Amino acid sequence: MRAPDCPAIEPPDLPLAVLERANDGVVIVDNDLHVSHFNAAAESLWQLDRAEVLGRHVSRLGLKDLELRHVAAAASGRGNGDAAAPRRGFEITIHRKDGSRVRAALSLSRVDTGGQGRTVAFVRDITAEAGLRERLALLMLIADRTSRAVVVTDPNLTILYTNACL
């Protein structure tokens with residue numbers, strides 16, 4: 001099938017509408033570190049209404065790494081985004097107003113458009129995954145320190161794990 005000869009024209013508000021419906025929290029921050037976009041998933045993660053966040057400093061959200069990267073880029077004279085290559089796969093703890101905490105994966109990207117720079121933070125709740133990882137690490141620690149042999153197999157009896165006793 002051949003693509004049409006005329007380019008698809010999308011409404012200018014489509015990208016923000018897409019970000020609004022994303023499963024991950026999306027926070028967009030301007031060069032002065034003020035929040036300019038805070039989608040519904042971000043509201044759920046932080047348990048904050050966007051009215052409490054929009055236009056306010058990113059420190060309101062506890063995104064220290066974003067602040068430090070911004071300061072480093074400005075100090076190096078590369079506030080145009082060159083210093084802030086995408087950073088993916090690191091974790092943060094979100095502290096909510098009610099005192100609860102959420103473990104989240106954070107990915108930062110710098111976008112320069114129309115002569116203005118923005119930092120986009122994609123945030124995903126990984127609380128359950130982090131808890132499972134911690135429990136598995138504890139089980140492995142116990143298994144490695146016991147004086148008895150521990151062998152873990154799959155349903156086909158393929159060995160997946162053995163402790164140091166074997």
Side-chain angles (χ1 to χ4, degrees), residues 1-138 140-141:
M1 182 172 250
R2 188 169 178 242
D5 292 332
C6 61
I9 298 180
E10 298 171 348
D13 58 344
L14 179 65
L16 284 178
V18 169
L19 290 178
E20 183 59 35
R21 286 163 184 77
N23 291 331
D24 292 348
V26 178
V27 181
I28 301 176
V29 179
D30 65 19
N31 277 334
D32 295 325
L33 294 176
H34 292 102
V35 178
S36 61
H37 185 79
F38 195 72
N39 74 345
E43 286 182 303
S44 179
L45 271 171
W46 270 274
Q47 291 185 341
L48 292 171
D49 187 84
R50 69 186 71 198
E52 298 176 68
V53 177
L54 290 176
R56 299 227 168 93
H57 197 271
V58 73
S59 61
R60 171 85 170 91
L61 301 175
L63 294 177
K64 302 284 187 232
D65 192 70
L66 194 150
E67 292 180 79
L68 294 174
R69 288 170 54 82
H70 180 80
V71 169
S76 70
R78 295 185 295 179
N80 62 1
D82 295 341
R87 182 166 177 205
R88 302 185 193 327
F90 63 104
E91 296 180 9
I92 62 169
T93 299
I94 295 172
H95 299 274
R96 295 173 165 170
K97 282 194 301 191
D98 66 2
S100 64
R101 291 179 288 171
V102 174
R103 197 73 187 147
L106 176 65
S107 175
L108 297 175
S109 291
R110 179 85 177 159
V111 178
D112 290 325
T113 182
Q116 295 186 14
R118 298 278 189 269
T119 300
V120 182
F122 297 93
V123 188
R124 183 174 48 90
D125 184 350
I126 59 165
T127 305
E129 297 165 31
L132 178 61
R133 194 173 56 227
E134 290 169 6
R135 289 191 303 278
L136 287 173
L138 180 61
M140 287 177 62
L141 179 67

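All of these numbers come straight from a predicted model, not from anything done at the bench. Numbers here are sequence positions counted from 1. When reading the values below, keep in mind they use all heavy atoms of this one structure, side chains included, and skip hydrogens, waters and symmetry mates.
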message: Checking Leu106 against Phe122 for the side chain to side chain contact (heavy atoms under 4.5 Å, CB included) test, could you report, in this order, the C-alpha distance in whole Å, the side-chain angles of both residues, the deciding distance, and whether it holds?
response: CA-CA 6 Å; Leu106 176 65; Phe122 297 93; over 6 Å; no

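- Taking the six-membered ring where the residue is Trp, Phe38 and Trp46 present tilted rings, their angle falling between 30° and 60°.
- For the side chain to side chain contact (heavy atoms under 4.5 Å, CB included) criterion with Val58, the lone passing option out of Asp32, Asp30, Leu33, Val53 is Leu33.
- In terms of the side chain to side chain contact (heavy atoms under 4.5 Å, CB included) criterion, residue partners of Asp98 (sequence neighbours excluded) are, by chain and number, Gln47, Arg96, Ser100.
- Considering NE2 of His37 and CG of Leu54, their distance stands at 8.5 Å, rounded to 0.5 Å.
- With sequence neighbours left out, Ala104 forms a side chain to side chain contact (heavy atoms under 4.5 Å, CB included) with Ile92, Ile94, Val123.
- Every residue two or more places apart in sequence or in another chain was checked for a side-chain hydrogen bond (donor to acceptor under 3.5 Å, both in side chains) with Ser44, and none qualifies.
- With sequence neighbours excluded, no residue forms a side-chain hydrogen bond (donor to acceptor under 3.5 Å, both in side chains) with Ser36.
- The minimum heavy-atom distance linking Arg110 with Gly117 is given by the pair NH2-CA, 3.5 Å.
- Among residues two or more places apart in sequence or in another chain, the salt bridge (Lys or Arg N to Asp or Glu O under 4.0 Å) test is passed with Arg133 by Glu91.
- Arg56 meets the salt bridge (Lys or Arg N to Asp or Glu O under 4.0 Å) test with no other residue; sequence neighbours excluded.
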task: Under the side chain to side chain contact (heavy atoms under 4.5 Å, CB included) rule, what do Lys97 and Glu52 come out as? Steps first, then yes or no, please.
output: CA-CA 12 Å; Lys97 282 194 301 191; Glu52 298 176 68; 3.2 Å; yes

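- Sorted by first and then second residue, the ring-ring contact (aromatic ring centres under 6.0 Å, His included) pairs involving residues 92-111 (not counting sequence neighbours) form an empty list.
- Applying the side chain to side chain donor-acceptor pair (under 3.5 Å) definition to pairs two or more places apart or across chains, those involving residues 19-29 are Glu20-Arg50.
- Of the inter-residue distances, the one linking Thr119 atom OG1 with Asp112 atom CG reads 8.5 Å to the nearest 0.5 angstrom.
- Using a 4.5 Å heavy-atom cutoff, the side chains of Leu61 and Leu48 are in contact.
- Residues passing the salt bridge (Lys or Arg N to Asp or Glu O under 4.0 Å) test with Glu129 are Arg124, sequence neighbours excluded.
- With sequence neighbours left out, Asn39 forms a side-chain hydrogen bond (donor to acceptor under 3.5 Å, both in side chains) with no residue at all.
- Going from atom CD1 of Ile126 over to atom CZ of Arg103 covers 6.5 Å, rounded to the nearest 0.5 Å.
- A heavy-atom distance below 4.5 Å is found between the side chains of Leu19 and Ile28.
- Residues Ala22 and Ala41 share a closest heavy-atom pair of O-CB, 3.7 Å.
- A 4.5 Å side-chain heavy-atom check between Arg60 and Val35 finds every atom pair outside the cut-off.
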